[in-house]
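The first residue in the sequence is number 1, and the count goes up from there. Quick caveat, the model's predicted, so the values are computed rather than measured.
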Amino acid sequence: MMIDVYICEDDVKQLEQIQTIVRRYLMIEKLDMRIAMATADPQAILAEADNQHQRLYLLDIELGTPMNGIELAQKLRQVDVNCKIVFITTHAEMLTLTFKYQLEVLDFIIKDQPEALQARLIQILNLAQTRLTSSQHHQAAYVQFKVGEQVRSVRADEVLFIESAQVPHKLIVHMANAQFEYYGTIKQAATLNKNFYRCHKSIVVNQTCITVINKRLHQLTVSNGETIDYSVAASRALAKLVRISKM
C-alpha cells in the first residue's frame, strides 16, 4: 500500500523547501510514497484523516492558527492510531509535550539546523516506510469510536454491524459478545472501514461477517446469529460485495 505524506507548515518558504526535499528523494529512490498534501491549514490535514491508509505527517508546531501542531497531532492520533508523526519546528522546548500527550512521535527536527534538514528527512522517509510497511503485514485494522470523553479502539473484524439508536444521533456498535453506544451518524460509520457497508438507512454491516442473505425477508444473518434488515436497493450490491469478500 502506498504511503501518503502530509506536510503542515505555515512558512511558505519552509513548506516549499520540505516539499522539494521529499519529492526529489521519492523520485530518485522510487519509494512507494507520495506527497498527498502540503498546506498551512491544519483543518485541511485533519479533514483528510482516516485509519484506512498508511500515512506520515510532517508537522510544524506553531502554525499561526487556533490549532497548533501538538493539538493537530492529538486529533490525528485519535483517528489514525498507526500513523507516523514527525515535528519540524524551532521550538525545542516543546519536545516534552509530545511525551506528555503520548503522541508517539517518530522524530523531532529542529529548524535552526538547516544543513541537517535534508539528511534527517531522508532518514525519516526510509524509517517511516520500514515501520509502516512492517505494521501493514502484522497489525489488524482498527476503528475508533468516541465514547464519552474516551476514544475506544476496536478491531474492525470484531464489529458485526452498527445501527441507529432511538436517541437522535446515537449509534449502537454490535460485536459478537458485546455492544456499546456512541454519538455519530450512519453515513460516517459507513466510512470507518472498507468492509463496512450501509445496507439500510439505519444500519451499517460488516460484509465479512455476513453468513446468510435471506432474499425473501430482506434480512441478513451475521456470524453471531443476529439478523438485521437490508433494503431492496442494497440487494444486488450486497450479493456482489459478499461474494467478493469471501473470495
Task: Non-hydrogen atoms of Val205 and Phe161 that approach each other most closely - done: CA-CB, 3.9 Å

Task: Donor-acceptor contact below 3.5 Å, side chain Arg23 vs main chain Leu26 - done: no

- [ ] Show the numbers, then the answer: is there a side chain to side chain contact (heavy atoms under 4.5 Å, CB included) between Glu48 and Met37?
- [x] CA-CA 9 Å; Glu48 292 290 311; Met37 180 180 292; 3.5 Å; yes

Task: Common cluster, Ile172/Val222, ILVMFWY with side-chain heavy-atom separation under 4.5 Å - done: no

Open item on the list: Applying side chain to side chain contact (heavy atoms under 4.5 Å, CB included) to Thr39 and Tyr6, what does each step give before you reach the verdict?
Closed with: CA-CA 8 Å; Thr39 179; Tyr6 287 78; over 6 Å; no

Task: Val79: hydrophobic cluster co-members (side-chain, 4.5 Å) - done: none

Task: pair Gln54-Met2: side-chain heavy atoms closer than 4.5 Å - done: no

Open item on the list: When you compare the side chain of Leu117 with that of Ile88, does any pair of heavy atoms fall below 4.5 Å?
Closed with: yes

Task: CA sep, side-chain torsions, deciding dist, call: His169, Tyr183, ring-ring contact (aromatic ring centres under 6.0 Å, His included) - done: CA-CA 6 Å; His169 309 299; Tyr183 283 98; 8.1 Å; no

Task: Atom of Gln207, atom of Lys194 and distance for their closest heavy-atom approach - done: NE2-O, 4.1 Å

Open item on the list: Looking at every heavy atom in both Leu76 and Ala49, which two are closest together, and how far apart are they?
Closed with: CD2-CB, 3.7 Å

Under 3.5 Å, side-chain donor or acceptor atoms of residues 56-66 against the rest of the protein: list the pairs with distances, not counting sequence neighbours.
| from | atom 1 | to | atom 2 | distance (Å) |
| --- | --- | --- | --- | --- |
| Asp60 | OD1 | Lys111 | NZ | 3.4 |
| Asp60 | OD2 | Lys111 | NZ | 3.2 |
| Thr65 | OG1 | Met67 | N | 3.4 |
| Thr65 | OG1 | Met67 | O | 2.7 |

TODO: Give, for atom CD1 of Ile124 and atom CD1 of Ile21, the distance between the pair rounded to the nearest 0.5 Å.
DONE: 10.5 Å

Open item on the list: Has Asn195 got a side-chain atom pairing as donor or acceptor with Asp157's backbone, closer than 3.5 angstrom?
Closed with: no

- [ ] For the pair Glu16 (side chain) and Lys13 (backbone), establish whether a donor and an acceptor sit closer than 3.5 Å, ignoring hydrogens and angles.
- [x] no

Task: salt bridge (Lys or Arg N to Asp or Glu O under 4.0 Å) against Asp4, all qualifying residues, sequence neighbours excluded - done: Arg34

Open item on the list: Who clusters with Val173? Use side-chain heavy atoms, under 4.5 angstrom, across I, L, V, M, F, W and Y, and order the result by chain and number.
Closed with: Val143, Phe145, Val147, Val154, Val159, Ile162, Leu171, Met175, Phe180, Tyr182, Ile186, Leu192, Phe196, Val204

Task: Expected output: side-chain Glu9 to main-chain Asp11 donor-acceptor under 3.5 Å - done: yes

Task: Test item: side-chain donor near acceptor, Glu226 and Asn224, under 3.5 Å - done: yes

Open item on the list: To the closest 0.5 Å, what do you measure between CZ (Arg198) and NE2 (His200)?
Closed with: 9.5 Å

Task: Stepwise side chain to side chain contact (heavy atoms under 4.5 Å, CB included) check, Gln144 with Ser153 - done: CA-CA 4 Å; Gln144 286 79 45; Ser153 293; 3.5 Å; yes

Open item on the list: Using only atom types and a distance under 3.5 Å, with no angle test, would you say the side chain of His53 pairs donor to acceptor with the backbone of Arg55?
Closed with: no

- [ ] Any chance you could lay out the side chain to side chain contact (heavy atoms under 4.5 Å, CB included) test for Leu125 and Val22, step after step, and finish with the verdict?
- [x] CA-CA 8 Å; Leu125 292 171; Val22 173; 4.2 Å; yes

Open item on the list: My understanding is that only residues two or more places apart in sequence, or in another chain, count here; which of them pass side-chain contact (heavy atoms from CB on, under 4.5 Å) with His218?
Closed with: Tyr230, Val232, Ser235

Task: Distance in Å, His174 NE2 paired with Cys209 SG, rounded so as to fall on 0.5 Å steps - done: 13.0 Å

- [ ] Please answer whether the main-chain N or O of Glu104 pairs with a side-chain N or O of Arg77 as donor and acceptor at a distance below 3.5 Å.
- [x] yes

Task: Gln19 vs Ile7 side-chain heavy atoms within contact, under 4.5 Å - done: yes

- [ ] Any ring-ring contact (aromatic ring centres under 6.0 Å, His included) involving residues 7-42? Give me the pairs, sequence neighbours left out, ordered by first then second residue.
- [x] none

- [ ] Quick one: closest heavy-atom pair of Ala128 and Ile3, and the distance?
- [x] O-CD1, 4.2 Å

Open item on the list: How long is the straight-line distance from CG of Leu106 back to NZ of Lys84, given to the nearest 0.5 Å?
Closed with: 6.5 Å

Task: Thr211 (side chain) donor-acceptor with Thr221 (main chain) under 3.5 angstrom - done: yes

Task: Minimum side-chain heavy-atom gap Leu127-Asp107 below 4.5 Å - done: no

TODO: Could you grab the distance from atom CG of Asn193 to atom CZ of Arg155, nearest 0.5 Å is fine?
DONE: 11.5 Å

- [ ] Drop me the distance from Arg24's CZ to Ile122's CD1, to the nearest 0.5 angstrom.
- [x] 11.0 Å

Open item on the list: Evaluate Asn206 against Thr208 for side-chain hydrogen bond (donor to acceptor under 3.5 Å, both in side chains), listing each step before the verdict.
Closed with: CA-CA 5 Å; Asn206 185 341; Thr208 65; 2.8 Å; yes

